[in-house]
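Everything quoted here is computed from the prediction, not taken from an experiment. Index from 1, following the sequence.
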Amino acid sequence: PALSDECTFTPTITRVAARMPRRSWEDMSTGDALRRELKSAALREWLQEEEDQGLTFAPLLNAAPPERRGQLRVLEEPESYIP
């Protein structure tokens, strides 16, 4: 039996695939891995943003009474600060 009789598979390439630029083996290995990693990182970031939108807790802080404040009142009394 001839080899051509045993091998009956003939691949077909679509017109779109035929117009695509050729890729090297490096692009198909490391390039595809890099694209996959970038896509998954973008998805992780999007999921984190979606999760953060549900976080609505904002604590209410009470001002400290005057006797509990520090001794330096630079922001309230800037003229009392001597460098």
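Residues satisfying the side-chain contact (heavy atoms from CB on, under 4.5 Å) criterion with Thr14, sequence neighbours excluded, are Val16, Ala17.
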Going by atom type alone, with no hydrogens or angles, which donor-acceptor pairs under 3.5 Å involve a side-chain atom of residues 20-36 and a protein atom two or more places apart or on another chain?
from: Arg23; atom 1: NH1; to: Asp32; atom 2: OD1; distance (Å): 2.9
from: Arg23; atom 1: NH2; to: Asp32; atom 2: OD2; distance (Å): 3.3
from: Ser24; atom 1: OG; to: Glu26; atom 2: N; distance (Å): 3.4
from: Ser24; atom 1: OG; to: Asp27; atom 2: N; distance (Å): 3.2
from: Ser29; atom 1: OG; to: Trp25; atom 2: O; distance (Å): 3.2
from: Ser29; atom 1: OG; to: Glu26; atom 2: O; distance (Å): 3.2
from: Thr30; atom 1: OG1; to: Glu26; atom 2: O; distance (Å): 2.8
from: Asp32; atom 1: OD1; to: Arg35; atom 2: NH2; distance (Å): 2.5

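No more than 12 heavy atoms of other residues, nucleotides or ligands shown are found within 6.0 angstrom of CD1 on Ile13.
Among residue pairs with one or both ends in residues 42-63, those qualifying as salt bridge (Lys or Arg N to Asp or Glu O under 4.0 Å) are Glu37-Arg44; sequence neighbours excluded.
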